[in-house]
A.B. asks: 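I have a structure I would like to understand better, so I am pasting it below and will then ask my questions one at a time.
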Amino acid sequence: YRQKTGVSGMWKNSIKLPLAVSVETDDDGFETIMKTAYIEHVPASFKDLTRSDSEIAAQLGFDASLNVDILACNYDGQRYLIDEETNTKYYVQRTFKKDKSNVITLTVGRRERNGRI
């Protein structure tokens, strides 16, 4: 895919993952502002989709753009991630972790499963 300088080893990219969302309310009790805290500079490796990944995505009816490998300990079921280099938001469509591996592969797309951007 693309290489980012300054990140060592197999991790050539970095992402940020949402940690928590805080909701503020106005004087009338309505939710007004949602702020998201992120874990930043998560080492990642972007990979093109395999033919199998593309076929599975098409069969399940979701948009798949690329695979992102990260350490499994950094992933806690987040629904999306952000590419720190381009600030592009990708929605996690599918996850895969091999047995006894510390790496999880996130198949991501630019749209949520229901088609919203």
Side-chain angles (χ1 to χ4, degrees):
Y1 202 71
R2 58 181 190 271
Q3 284 188 319
K4 185 174 183 181
T5 58
V7 182
S8 63
M10 70 177 275
W11 311 113
K12 306 213 182 306
N13 307 94
S14 65
I15 61 171
K16 58 183 177 180
L17 293 165
L19 280 177
V21 175
S22 64
V23 178
E24 295 181 7
T25 55
D26 63 16
D27 293 337
D28 296 322
F30 293 101
E31 295 178 356
T32 57
I33 301 172
M34 292 177 46
K35 295 181 181 178
T36 304
Y38 291 93
I39 179 171
E40 298 180 347
H41 313 299
V42 176
S45 183
F46 293 175
K47 298 180 178 182
D48 291 329
L49 293 177
T50 64
R51 183 176 186 170
S52 174
D53 293 327
S54 297
E55 289 173 358
I56 290 170
Q59 289 172 359
L60 296 175
F62 64 81
D63 167 53
S65 301
L66 61 116
N67 284 325
V68 179
D69 286 347
I70 63 171
L71 290 175
C73 62
N74 289 324
Y75 185 69
D76 191 27
Q78 289 91 340
R79 293 183 53 204
Y80 69 91
L81 59 87
I82 297 174
D83 176 354
E84 288 188 319
E85 184 178 341
T86 65
N87 210 34
T88 302
K89 186 178 201 177
Y90 291 100
Y91 292 92
V92 177
Q93 306 291 2
R94 194 176 83 130
T95 61
F96 177 74
K97 183 177 178 290
K98 292 181 183 177
D99 287 339
K100 299 181 183 179
S101 174
N102 62 349
V103 173
I104 188 166
T105 300
L106 309 174
T107 300
V108 299
R110 292 188 181 170
R111 296 180 185 202
E112 290 186 87
R113 280 189 190 228
N114 63 7
R116 291 191 317 232
I117 294 177

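Note that the structure is predicted; figures quoted are calculated from it, not measured.
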A.B. asks: Between Q78 (side chain only) and P18 (backbone N and O only), is there a donor and an acceptor less than 3.5 Å apart?
C.D. replies: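 Side chain of Q78 to backbone of P18, a donor-acceptor pair under 3.5 Å: yes, one is there.
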A.B. asks: Could you measure the distance from the CG atom of D48 to the CG atom of L66? Nearest 0.5 Å is fine.
C.D. replies: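 Result: 8.0 Å between the selected atoms.
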A.B. asks: Can you find a pair of side-chain heavy atoms, one from Y91 and one from R110, that are under 4.5 Å apart?
C.D. replies: no
A.B. asks: Among all residues two or more places apart in sequence or in another chain, which pass the side-chain hydrogen bond (donor to acceptor under 3.5 Å, both in side chains) test with T105?
C.D. replies: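 Partners of T105 under the side-chain hydrogen bond (donor to acceptor under 3.5 Å, both in side chains) test: D69.
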A.B. asks: Grab the two heavy atoms, one from G109 and one from S65, that are nearest each other, plus how far apart they are.
C.D. replies: CA-OG, 3.6 Å
A.B. asks: Tell me every residue that passes salt bridge (Lys or Arg N to Asp or Glu O under 4.0 Å) with E55, counting only those two or more places apart in sequence or in another chain.
C.D. replies: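 With neighbours one apart ignored, the set is R51.
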A.B. asks: Please round to the nearest 0.5 Å and tell me the distance separating atom CG of N67 and atom CZ of F46.
C.D. replies: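 Atom-to-atom, N67:CG and F46:CZ are 11.0 Å apart.
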A.B. asks: Would you call N87 and K16 a side-chain contact if the rule is heavy atoms closer than 4.5 Å?
C.D. replies: yes
A.B. asks: First locate atom CD of E40, then atom CD of E84, and finally report the distance between them rounded to the nearest 0.5 Å.
C.D. replies: 6.0 Å
A.B. asks: Measure across T107 and A64 and return the closest heavy-atom pair with its distance rounded to 0.1 Å.
C.D. replies: CG2-CB, 3.9 Å
A.B. asks: Work out which heavy atom in P43 is nearest to a heavy atom in N74; give both atom names and the distance.
C.D. replies: CD-ND2, 4.5 Å
A.B. asks: If hydrophobic clusters are built by linking Ile, Leu, Val, Met, Phe, Trp and Tyr wherever their side-chain heavy atoms come under 4.5 Å apart, do L19 and V68 end up in the same one?
C.D. replies: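 Shared cluster, yes.
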A.B. asks: Go through the structure and list residues passing side-chain hydrogen bond (donor to acceptor under 3.5 Å, both in side chains) with T50, not counting sequence neighbours.
C.D. replies: D53
A.B. asks: How many angstroms lie between NZ in K89 and CD1 in I15, if you round to the nearest 0.5 Å?
C.D. replies: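 These two atoms lie 13.5 Å from each other.
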A.B. asks: When you group the ILVMFWY residues by side-chain heavy-atom contacts below 4.5 Å and let the links chain together, are Y75 and I39 in the same group?
C.D. replies: yes
A.B. asks: Does Y90 share a hydrophobic cluster with L49, counting links as ILVMFWY side-chain heavy atoms below 4.5 Å and allowing steps through other members?
C.D. replies: no
A.B. asks: CG/L60 to CZ/R94 distance, rounded to the nearest 0.5 angstrom?
C.D. replies: 8.0 Å
A.B. asks: Considering only heavy atoms from C-beta outward, does the side chain of L17 approach that of I70 to under 4.5 Å?
C.D. replies: yes
A.B. asks: Quick one: pull up NZ in K97 and CG in N102 and give me the separation to the nearest 0.5 Å.
C.D. replies: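 So the gap between those two atoms works out to 7.5 Å.
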A.B. asks: Take atom CG of D26 as the centre, draw a 6.0 Å sphere, and report whether it contains more than 12 heavy atoms from other residues, nucleotides or ligands.
C.D. replies: yes
